[in-house]
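As structure tokens, the structure follows; a few thoughts come after it.
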Amino acid sequence: MKYPFKEIEAKWQKRWEEEGIYKVDLSNTACKLYALVMFLYPSGDKLHIGHWYNYGPADTWARFKRLLGYNVFEPMGYDAFGLPAENYAVKTGIHPGDSTSANIAHIREQLKSMGAMYDWDHEVNTSAPGYYRWTQWVFLQLYRMGLAYRSAAPVNWCPSCQTVLANEQVVDGACERCDTPVIQKTMTQWFFRITAYAEELLRDLDKLDWPDKTVTMQRNWIGKSIGVDIKFRVKETGDEFSVFTTRPDTLFGVTYVVLAPEHPFLRKITTPDYRAVVSAYAELVAHETEIERTSTIRVKTGVFTGAHAINPISGEEVPIWTADYVLARYGTGAVMAVPAHDERDFEFAKKYSLPIRKVILQPGTSPDDPLEAAYTDPGTMINSGKYRGEKSKAGIEHVAEDLERVGLGKRTVNYRLRDWLLSRQRYWGAPIPIVYCPGCGELPVPDNQLPVVLPYNVDFKPTGESPLARSAEFVNTTCPKCGGPARRDVDTMDTFVCSSWYFLRYVSPHLDSAPFDRELVRKWLPVDKYIGGAEHAVMHLLYARFVTKALRDAGWLTFDEPFTSLVHQGTITNNGAKMSKSRGNVVNPDSFIERYGSDTFRMYLMFMGPYDEGGDWNDKGIVGLHRFLNRIHDMVLEREDLLRSMPDREMTPDIVKSGERHLYRKLHQTIKKVTEDTEAFRFNTAVAALMEMSNEFSSALAAGDGAAISPEFTAYVIRRFLLLLAPYAPHLSEELHEAIGGEKSIFASRGWPACDEAATAAEAVTVVAQVNGKIRSKFDVPVGEGEESLKQRAFEDAKVKRWIEGKQVVRTIVVKNKLVNIVVK
RNA sequence: GCCGAAGUGGCGGAAUUGGUAGACGCGCUGGACUCAAAAUCCAGUGGAGCUUAACACUCCGUGUCGGUUCGAGUCCGACCUUCGGUACCA
């Protein structure tokens with residue numbers, strides 16, 4: 001018989017809500033635990049498996065912590081601005097605000113059907129004026145600190161749609177809507193100066209309990225490199241420009257220099273004969289993506305400018321080229337090319353027959369050995385004037401020092417990280433709170449005039465300018481300084497701004513006098529456990545760290561990092577690809593909830609595999625979990641009356657009957673395993689342990705018609721088992737807990753079972769006997785049996801004897817409680 | 001391309017950190033129950049061979065190739081495939 005999960009789940013969801021059991025008392029900060037899942041993007045219309053995979057197991061972990069006695073705060077909200085809602089609106093004519101509210105209403109119900117312990121009084125919605133008012137406030141804080149500025153930047157532009165395209169809207173270099181080739185157009189954009197925090201963002205990674213891979217990715221993304229800016233003079237014009245290099249020790253090996261095609265000097269220094277070629281080349285490169293340009297397998301291209309540069313240390317003249325593999329925005333937009341010791345330069349020099357001069361000697365080679373490929377590791381300097389014979393490490397310092405002394409070089413630190421471009425020429429976002437007055441210039445909107453409300457009636461169809469520019473009602477305003485007519489900034493903010501501070505808002509989502517209650521934030525932040533997808537490993541997580549640090553420096557926060565501990569759930573793919581509406585491979589969980597219930601479904605998600613690995617979706621095994629929960633349901637209800645009549649009492653190995661002892665051990669082994677695995681997000685193995693326990697227990701009950709197992713002991717085991725199960729199958733556990741006499745909610749009990757550590761040790765182990773590493777026999781011995789004794793057993797073993805007979809024993813390896821390996825010849 | 005991961009039975013996966021490969025579950029096969037089916041329960045289940053009423057036994061096996069080691073899914077090197085990110089999807 002199938003257990004009535006529908007009734008049970010509805011009953012408990014209703015009761016939890018009525019009794020307000022998950023309403024968190026934020027004033028109680030003893031054992032506080034802020035468990036946060038990355039909030040939802042309500043883009044499509046429904047929750048999909050990926051959301052459940054994020055939220056279900058995260059809720060299990062939070063419930064587990066609650067049973068351990070923590071005061072757990074687990075909020076939920078919506079990252080509701082963004083491109084998909086706007087695209088949907090362009091396509092269907094449905095206003096993004098309307099589709100978003102409808103989606104949220106639906107999603108909220110789906111979330112409730114999951115049965116998580118969200119405190120709905122703390123919900124946030126980033127597209128609500130009461131929220132984005134404070135997103136604008138965040139912008140202004142950064143603006144006042146000089147961390148927000150305007151600058152020209154290239155954007156993807158479709159000349160036919162007359163609109164800026166997101167990268168995902170560009171398919172093979174063309175607009176996804178009309179197939180027109182996309183061009184790069186320069187527009188004035190707002191930036192956050194995240195690079196000002198590069199060093200701290202890098203350094204504080206050491207403080208975080210984050211997955212190693214995420215820390216590594218952030219570190220590589222920031223991309224710190226220490227080097228020297230070296231000045232080269234242009235022979236023909238006398239202009240000076242700098243190159244950035246981490247290898248000043250190779251300066252004597254420079255045989256040409258390269259300016260990026262976008263380099264501001266390029267036009268100026270190019271000699272008349274070469275102008276046509278160089279500008280045609282720059283035009284060509286403007287269509288290439290950065291990935292293409294920096295590809296290491298693609299054939300590099302470039303052209304000579306006709307000009308020459310003078311090597312500041314050797315006085316040598318070398319040609320100046322421009323090439324696509326040099327990027328304007330990294331370093332100084334120019335490189336000194338040392339083909340002998342840089343792979344890209346080597347390849348380029350070969351292609352264009354530029355000289356290759358060896359200046360670093362690879363250890364173990366001779367200066368006259370031909371160079372087959374670039375040697376990029378350190379070595380000894382040769383062909384380098386007075387530096388000859390110095391090791392790379394010393395040479396780097398020495399050359400840098402000498403250049404600095406004569407003013408031709410400056411030691412610098414360069415980062416790959418770029419400033420955060422946050423303005424969007426779109427409708428569905430938080431307006432940038434800046435006003436332009438003909439007389440007073442660019443001015444921030446005063447805090448007391450926030451929010452700058454996003455008007456509802458706006459034509460958001462793409463026409464070449466920000467949609468808000470066409471709303472006279474929005475654009476025309478008065479100058480906050482002189483009171484004269486002024487115009488608003490018509491761009492909106494990147495949704496990453498909204499999500500860079502939402503974790504602060506959750507503690508006081510309805511507060512309208514401040515972005516957050518500072519006292520509560522002081523007590524509850526930083527987030528203790530942050531759970532979300534690895535696809536956010538760099539951008540969102542880096543932006544949130546940056547905003548936290550900026551608000552700290554503005555005096556609003558007292559901590560340095562927003563997320564103390566981080567866990568990624570893996571990606572659930574479908575047919576090998578990430579689930580997304582655009583790919584049309586989204587799997588809706590609702591039908592599974594309908595058929596099996598939330599407890600089965602969330603448990604299946606946890607049982608599927610390691611939480612941080614995700615995997616390709618398939619529903620084949622779900623029935624196994626459903627059977628498991630059915631068996632638990634039946635096993636408890638068959639003994640309902642008996643169990644209810646049994647008082648709950650602690651047991652020890654001494655008082656249990658001999659027939660119960662192995663179950664006592666199994667129970668405590670299970671408590672240990674489930675506790676450790678749940679804590680560490682190893683849900684799959686915790687569930688397997690619960691199954692093993694249940695299998696062993698029910699066979700024991702069946703074996704002697706239960707005669708060997710007393711009712712008291714049965715109650716003892718089942719009560720604890722239900723507690724272990726509670727975070728995994730909260731509805732069913734509540735139901736069974738009540739059925740056997742529980743009066744309060746199981747989650748009010750805070751009674752995670754204690755583990756009798758001493759009882760978990762096994763009494764006997766199987767030791768294997770190997771001959772030359774191949775297993776030939778096994779025997780059971782008491783735990784801890786000595787090496788000599790094990791060795792003796794192995795040599796006396798009949799099967800082993802067959803394999804060592806007539807051979808010479810070379811060596812014997814004995815590992816206690818594990819194996820004996822006899823090596824013979 | 002670059003950065004970061006992952007490859008284990010028919011399938012999802014497990015394996016106290018170098019020491020019994022395949023826990024747990026799905027599926028499949030056989031059996032019990034049933035008029036029958038479903039559900040449930042019991043037993044078996046990596047591949048090949050050999051033997052067989054059965055027990056047992058042998059060889060092979062963790063993406064590919066090579067290495068280190070008494071011993072490698074686990075460590076090292078090279079490669080292949082798949083996934084996430086790559087700064088305007090979030």
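Atoms considered below: every heavy atom in the structure, side chains included; atoms not considered: hydrogens, waters and symmetry mates.
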Between B/U20, B/A14, B/G19, spot the one nearest the side chain of A/K818, thanks.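 Among B/U20, B/A14, B/G19, the one nearest the side chain of A/K818 is B/G19.
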Touch check for [X], heavy atoms < 4.0 angstrom, all strands: base, sugar-phosphate only, or nothing?
{"X": "A/R802", "answer": "sugar-phosphate"}
{"X": "A/T216", "answer": "sugar-phosphate"}
{"X": "A/R776", "answer": "sugar-phosphate"}
{"X": "A/E676", "answer": "nothing"}

Going by an N to O cut-off under 4.0 Å, is there a salt bridge joining [X] and [Y]?
{"X": "A/R416", "Y": "A/E290", "result": "no"}
{"X": "A/D324", "Y": "A/R298", "result": "yes"}
{"X": "A/K666", "Y": "A/E692", "result": "yes"}

Distance alone, cut at 3.5 Å: any donor-acceptor contact between the side chains of A/Y78 and A/N103?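 A/N103 and A/Y78 do not have a side-chain donor-acceptor pair below 3.5 Å.
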Does the side chain of A/S225 pick up a donor-acceptor pair with the side chain of A/N414 at under 3.5 Å?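 Note: A/S225 and A/N414 side chains miss the donor-acceptor criterion.
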Below 4.0 Å: OP1/OP2 of [N] and any side-chain N or O of [X]:
{"X": "A/T296", "N": "B/C2", "answer": "yes"}
{"X": "A/T495", "N": "B/A90", "answer": "yes"}
{"X": "A/W803", "N": "B/U58", "answer": "yes"}

Got a minute to check which stems RNA chain B is part of, using Watson-Crick or G-U wobble pairs under 3.5 Å, three or more consecutive?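 Paired runs of 3+ in RNA chain B: B:1-7 with B:80-86, B:10-12 with B:24-26, B:27-32 with B:40-45, B:46-49 with B:57-60, B:63-67 with B:75-79.
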Using atom P in both nucleotides, what's the gap between B/U81 and B/C88 to the nearest angstrom?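 My reading of the P atoms in B/U81 and B/C88 gives 30 Å.
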Indicate, with yes or no, if the rings of A/Y596 and A/Y604 have centres closer together than 6.0 Å.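 Centroid distance A/Y596-A/Y604: not below 6.0 Å, so no.
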Can you confirm whether or not the ring centre of A/F697 sits under 6.0 Å from the ring centre of A/F721?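 Centroid separation for A/F697 and A/F721: 6.0 Å or greater.
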Every protein N/O lying under 3.5 Å from an N/O of nucleotides 68-74 of chain B:
| from | atom 1 | to | atom 2 | distance (Å) |
| --- | --- | --- | --- | --- |
| B/C70 | OP1 | A/R811 | NH1 | 3.1 |
| B/C70 | O2' | A/N821 | ND2 | 3.4 |
| B/C70 | O2 | A/N821 | ND2 | 2.4 |

Mind checking salt bridge (charged side-chain N to carboxylate O under 4.0 Å, His left out) for A/E805 and listing every partner two or more places apart, or none if nothing turns up?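 Partners of A/E805 under the salt bridge (charged side-chain N to carboxylate O under 4.0 Å, His left out) test: none.
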What pairs of residues pass the salt bridge (charged side-chain N to carboxylate O under 4.0 Å, His left out) test when at least one of them lies in residues 675-685 of chain A, not counting sequence neighbours?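 Non-adjacent pairs meeting salt bridge (charged side-chain N to carboxylate O under 4.0 Å, His left out): A/K65-A/E679, A/K672-A/E676, A/K673-A/D677, A/D677-A/R682.
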Only counting residues at least two apart or in another chain, list the ones meeting ring-ring contact (aromatic ring centres under 6.0 Å, His included) with A/Y55.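 By the ring-ring contact (aromatic ring centres under 6.0 Å, His included) rule, A/Y55 matches no residue at all.
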Just confirming the chi classification of B/G9, syn or anti, using 90° around 0 as the syn window.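 You should classify B/G9 as syn.
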Donor-acceptor pair under 3.5 Å, A/Q425 side chain vs B/C88 base: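 Result: at least one qualifying N/O pair found.
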Sugar-phosphate atoms are those with a prime plus P, OP1 and OP2; base atoms are the rest. Using that split, label each nucleotide of nucleotides 24-33 of chain B B, S or - for protein heavy atoms under 4.0 Å, 5' to 3'. BSSS------
